[in-house]
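Just so it is clear, the model here is predicted, and its values are computed rather than measured. We use all heavy atoms of the structure for the numbers below, so side chains are in, but hydrogens, waters and symmetry mates are not.
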Amino acid sequence: MSKNLGSSFDSWLCEEGIREEVTAVAIKRVLVRHLEAAMRDGGLSKTEMARRMKTSRSQLDRLLNPENDSVTLATLQKAARAVRREVHLELV
């Protein structure tokens with residue numbers, strides 16, 4: 001019988017020592033989906049989005065890459081402004 005049977009997924013992530021990493025990737029993926037949806041809703045191409053952010057297409061591609069977790073808050077705020085949205089953070 002598995003030692004994890006009946007335990008929560010969150011508990012298992014903690015036991016494996018990967019909770020923070022998995023959570024960071026999940027948050028980034030959600031942010032990317034929201035940004036891509038806002039771009040689509042606004043009819044923005046990546047080129048136009050990069051122009052609005054005053055950055056390069058390659059920088060935008062890094063932002064939209066869910067595997068790249070080295071995104072700054074300033075970059076997220078620029079992206080949000082470019083699609084007429086705001087970033088809200090919460091500590092829970």
Side-chain angles (χ1 to χ4, degrees):
M1 180 180 280
S2 171
K3 71 176 183 142
N4 292 320
L5 189 62
S7 67
S8 74
F9 183 62
D10 192 55
S11 296
W12 178 80
L13 291 173
C14 289
E15 288 172 14
E16 295 297 314
I18 59 173
R19 183 177 183 273
E20 288 182 21
E21 177 186 344
V22 170
T23 301
V25 170
I27 290 169
K28 177 68 186 294
R29 286 184 177 171
V30 169
L31 287 169
V32 167
R33 285 187 185 144
H34 283 284
L35 281 173
E36 289 175 335
M39 288 172 62
R40 198 171 39 255
D41 292 348
L44 294 176
S45 66
K46 285 184 177 182
T47 301
E48 177 60 17
M49 179 71 169
R51 187 192 67 73
R52 287 185 182 191
M53 290 176 63
K54 296 179 173 57
T55 192
S56 66
R57 263 291 301 273
S58 61
Q59 178 64 27
L60 178 60
D61 286 338
R62 283 190 288 277
L63 171 64
L64 296 176
N65 177 352
E67 302 302 319
N68 182 346
D69 62 356
S70 63
V71 176
T72 67
L73 183 54
T75 300
L76 287 175
Q77 288 176 315
K78 278 182 168 181
R81 279 192 304 272
V83 293
R84 296 182 173 92
R85 304 281 168 83
E86 296 179 1
V87 174
H88 291 263
L89 297 175
E90 181 178 358
L91 293 176
V92 291

Working note: Met39 + Glu48, criterion side chain to side chain contact (heavy atoms under 4.5 Å, CB included); need CA distance, chi angles, decisive distance, verdict. CA-CA 9 Å; Met39 288 172 62; Glu48 177 60 17; over 6 Å; no

- Query: Is the shortest heavy-atom distance from the side chain of Met53 to the side chain of Leu63 under 4.5 Å?
  - Reply: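 In contact.
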
| Do Leu31 and Val87 belong together in a cluster built from hydrophobic side chains that touch within less than 4.5 Å? |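 Yes.
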
same_hphob_cluster(Val30, Leu91) at 4.5 Å side-chain heavy-atom cutoff: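 No, Val30 and Leu91 fall in different hydrophobic clusters.
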
At what distance, to the nearest 0.5 angstrom, does [atom1] of [X] lie from [atom2] of [Y]?
X     : Y     : atom1 : atom2 : answer
Gln59 : Arg57 : CD    : CZ    : 12.5 Å
Glu16 : Leu13 : CD    : CG    : 8.5 Å
His88 : Glu90 : NE2   : CD    : 11.0 Å
Arg33 : Leu35 : CZ    : CG    : 12.5 Å
Ser58 : Arg62 : OG    : CZ    : 4.5 Å

Item to check | Closest non-hydrogen atom pair, Leu64 against Val32 | outcome: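 Scanning both residues completely, I find the closest heavy atoms to be O-CG1, 3.3 Å.
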
Step through the shown structure and confirm whether more than 12 heavy atoms of other residues, nucleotides or ligands are within 6.0 Å of CZ on Arg19.
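No, CZ of Arg19 has 12 or fewer neighbouring heavy atoms, counting only those of other groups under 6.0 Å.
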
Subject >> Lys28 side-chain N/O to Asn68 backbone N/O, donor-acceptor pair under 3.5 Å >> reply: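 The answer is yes, because a donor-acceptor pair under 3.5 Å joins these two groups.
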
Listed pairs under 3.5 Å, donor-acceptor, residues 71-85 side chains, sequence neighbours left out:
from: Thr72; atom 1: OG1; to: Thr75; atom 2: N; distance (Å): 3.1
from: Thr72; atom 1: OG1; to: Thr75; atom 2: OG1; distance (Å): 2.9

Notebook entry, point to check: Side chains of Glu36 and His34: do they bring a donor and an acceptor to under 3.5 Å?
Noted result: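 No.
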
